[in-house]
**Student:** 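Dumping the structure here so I can ask a few things about it.
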Amino acid sequence: MRLSRYFLPVLKQTPSEAQIPSHRLMLRAGMLRQEAAGIYAWLPLGHRVLKKIEQIVREEMDRAGAIELLMPTLQLADLWRESGRYDDYGKEMLRITDRHERELLFGPTNEEMITEIFRAYVHSYKDLPKNLYHIQWKFRDEQRPRFGVMRGREFLMKDAYSFDLDEAGGRRSYNQMFVAYLRTFARMGLTAIPMKAETGPIGGDLSHEFIVLAETGESAVFCDKRVLDLPIPGAGVDYDGDLTPIIKQWTTLYAATEDVHDAARYESEVSEDNRMTARGIEVGQVFFFGDKYSKPMKANVTGPDGVDRPVQMGSYGVGVSRLAGAIIEACHDDDGIIWPEAVAPFGVGIVNLRPGDAEVDAACAKAYDVLTAAGKEPLLDDTDERPGGKFATMDLIGLPWQLIIGPRGLKDGVVELKRRATGERRTLSLDDALTTIAG
RNA sequence: CGGAGUGUGGCUCAGUCUGGUAGAGCACCGCGUUCGGGACGCGGGGGUCGCAGGUUCGAAUCCUGCCACUCCGACCA
């Protein structure tokens, strides 16, 4: 992409409403525009990041055997009356009436709808297990939206729903999602730690929140720091095999958010050397809830014994739009964002320091073509802005590499290659620079 | 939902107390000088001062009502 043809409205000054780094930087880097409290337009740069995050989530869900579909944003109130949640949900639910006076709502989640879909088609244990997911916009009319996309009212979420004949099957499905989440967040360059979460009325131990560590996180977390060294399951992990050793490994060491923190247990289980207090952001949650919805909504399946029973369900959420903010919270410095490679909107920024200079233009064109062919998605700054402004913009939008090409260097046959994450700069030939980036 | 604030050009803000017919910096347009870490000069465009009433000869400024947004707390992916 050539910057001269792109739409990247960067801000020199920080809009006064933005308090935390991710919100500030998303506005300044031209990723986001607020349209109403907690409602945002995703500008081109932000949209690219959102799509990258979404795609990683999708790939890991598919790998774990989940099946994608797409449910609507609007739902009938009657569906929610079946589960009893229409009245329970309160003002956070955005209620809408259509021209026929039918009561609708903008979905805050989809348990009811997926249960309705499932019960319409699936009646036999032979069709189990199933795991269906979608990535769709949700709306929760928060009393107090804040922190940009970290707590918006409209948000993009991946939610998966598992269906099993019995609790043992449900636990297997839960474990699959647990492992998929470990991989998903690690691929985005995040350290996400599963922590025991409150399970509500169902009880049991089958709910975990995945917490990304970031200095500006919303809640305090306490954990055994050895959890940071645990291995992430590889791409070849066998989701049909026994996943319990992995789950055990990741759930044995103490890790809890302040809500469920047990100071006495923490101090008895974790040696002083290994104690770590940090702050974190919840980016995902896995939850097994059995027949909470299938029972009132009569989503029954017939078992091998010929007996009908409510299907056993779990749900698994990932805050896709929130992750964009969480990643920035975890990855930024005073100059701007520092994107992990996997979610960077562009792989490399090529800075043309003297557009119009034939030699510089030619070198930039070559770099652009080579890097494009290598799948590095370069962003070429071919604008007339002054060098200082170009450097500041590149640091702000945080692309992993900056390839700086100007007449002064070219005279000596060299360009400058800067690594955004470390600030390290190298002076080398254009070919060597391209090899370094593409390799 | 309690408490506290703020709405003035695209952004950051001054002007409001003490009413007199709208400003600065940045951004934008033109010309020129510049050009390797957010340059400078000259000229220029752009604002129903959140909305609606009211007081007044006159309202960004005073009064009333409404709306939007932000912050602290409670609540939540």
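Quick note on labels: first sequence line is chain A, next is B, and so on, each numbered from 1. Owing to the predicted nature of the structure, the values given are computational and were not obtained by experimental measurement.
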**Student:** Provide a list of protein-nucleic acid N or O atom pairs under 3.5 angstrom, restricted to nucleotides 41-45 of chain B.
**Tutor:**
none

**Student:** What residues in residues 324-334 of chain A put a non-hydrogen atom under 4.0 Å from any atom of RNA chain B?
**Tutor:**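 Residues of residues 324-334 of chain A under 4.0 Å from RNA chain B: none.
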**Student:** Just checking Tyr174(A) against Phe288(A), ring centres under 6.0 Å apart?
**Tutor:**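 No; Phe288(A) has its ring centre 6.0 Å or more from that of Tyr174(A).
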**Student:** Please tabulate, one pair per line, all N/O donor-acceptor pairs under 3.5 Å involving side-chain atoms of residues 324-334 of chain A, not counting sequence neighbours.
**Tutor:**
residue, atom, partner, partner atom, Å
Glu329(A), OE1, Thr216(A), OG1, 2.0
Glu329(A), OE2, Ser22(A), N, 2.8
Glu329(A), OE2, Ser22(A), OG, 2.6
His332(A), ND1, Ile328(A), O, 2.8
His332(A), ND1, Glu329(A), O, 3.3
Asp333(A), OD1, Asp335(A), N, 2.8
Asp333(A), OD1, Gly336(A), N, 3.1
Asp333(A), OD1, Arg420(A), NH2, 2.8
Asp333(A), OD2, Arg420(A), NH1, 2.9

**Student:** If you measure only the distance, is there a donor-acceptor pair under 3.5 Å linking the side chains of Gln285(A) and Ser207(A)?
**Tutor:**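 Yes - a donor-acceptor pair under 3.5 Å links their side chains.
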**Student:** Can you build the contact string for nucleotides 72-77 of chain B? Use B for base contact, S for sugar-phosphate-only contact, and - for no protein heavy atom under 4.0 Å.
**Tutor:** BBBBBB
**Student:** For Phe346(A) together with Tyr6(A), are the ring centres under 6.0 Å from each other?
**Tutor:**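 Centroid separation for Tyr6(A) and Phe346(A): below 6.0 Å.
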**Student:** Is there any salt bridge (charged side-chain N to carboxylate O under 4.0 Å, His left out) pair reaching into residues 338-348 of chain A, and which pairs are they, with sequence neighbours excluded?
**Tutor:**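 Listed once each, the pairs are Glu341(A)-Arg419(A).
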**Student:** Can you tabulate the close N/O pairs, meaning under 3.5 Å, that link protein atoms to atoms of nucleotides 3-11 of chain B?
**Tutor:**
residue, atom, partner, partner atom, Å
C11(B), O2, Gln13(A), OE1, 2.8

**Student:** Charged N to carboxylate O below 4.0 Å: is that the case for Lys366(A) and Asp431(A)?
**Tutor:**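 Yes, Lys366(A) and Asp431(A) are salt-bridged.
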**Student:** Cut-off 3.5 Å, side chains only: do Arg2(A) and Tyr368(A) have a donor facing an acceptor?
**Tutor:**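 No, Tyr368(A) and Arg2(A) have no side-chain donor paired with an acceptor closer than 3.5 Å.
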**Student:** Sequence neighbours left out, what pairs pass salt bridge (charged side-chain N to carboxylate O under 4.0 Å, His left out) with at least one residue falling in residues 44-60 of chain A?
**Tutor:**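 The answer is Arg48(A)-Glu377(A), Lys51(A)-Glu54(A), Lys52(A)-Glu377(A), Glu54(A)-Arg58(A), Arg58(A)-Glu68(A), Glu59(A)-Arg187(A), Glu60(A)-Arg63(A), Glu60(A)-Arg183(A), Glu60(A)-Arg187(A).
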**Student:** Can you pull out every salt bridge (charged side-chain N to carboxylate O under 4.0 Å, His left out) where at least one residue sits in residues 19-28 of chain A? Sequence neighbours excluded, please.
**Tutor:**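 Those involving residues 19-28 of chain A do not exist here.
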**Student:** Pairs of donor and acceptor atoms involving the side chains of residues 311-318 of chain A, under 3.5 Å and at least two apart or interchain, shall be tabulated with distances.
**Tutor:**
residue, atom, partner, partner atom, Å
Ser315(A), OG, Glu111(A), OE2, 3.4
Tyr316(A), OH, Ser162(A), OG, 2.7

**Student:** Can the positive tip of Arg322(A) be found less than 6.0 Å from the middle of the six-membered ring of Phe147(A), inside 45° of the ring normal?
**Tutor:**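 Judged by the rule (NZ or CZ under 6.0 Å from the ring centre, within 45° of its axis), Arg322(A) is not positioned above Phe147(A).
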**Student:** Suppose you measure atom P in G54(B) against the same atom in U61(B); what distance do you get, rounded to whole Å?
**Tutor:**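 Pairwise P distance, G54(B) against U61(B), rounds to 14 Å.
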**Student:** Is any side-chain N or O of Lys12(A) closer than 4.0 Å to OP1 or OP2 of A27(B)?
**Tutor:**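 Checking Lys12(A) against A27(B): at least one side-chain N or O falls below 4.0 Å of OP1 or OP2.
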**Student:** Can you pull every protein N or O that's under 3.5 Å from an N or O on nucleotides 31-35 of chain B?
**Tutor:**
residue, atom, partner, partner atom, Å
U34(B), O2, Arg386(A), NH1, 2.5

**Student:** List the residues meeting side chain to side chain donor-acceptor pair (under 3.5 Å) with Arg226(A), not counting sequence neighbours, and say none if there are none.
**Tutor:**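 Applying side chain to side chain donor-acceptor pair (under 3.5 Å) to Arg226(A) gives Asp224(A).
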**Student:** Using a 4.0 Å cut-off on heavy atoms, which residues in residues 59-68 of chain A reach RNA chain B? List them by number, or say none.
**Tutor:**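 Hits under 4.0 Å, by residue number: none.
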**Student:** How far, in whole Å, is G23(B) from C63(B) if one measures between their C1' atoms?
**Tutor:**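 Straight-line distance between the two C1' atoms is 26 Å.
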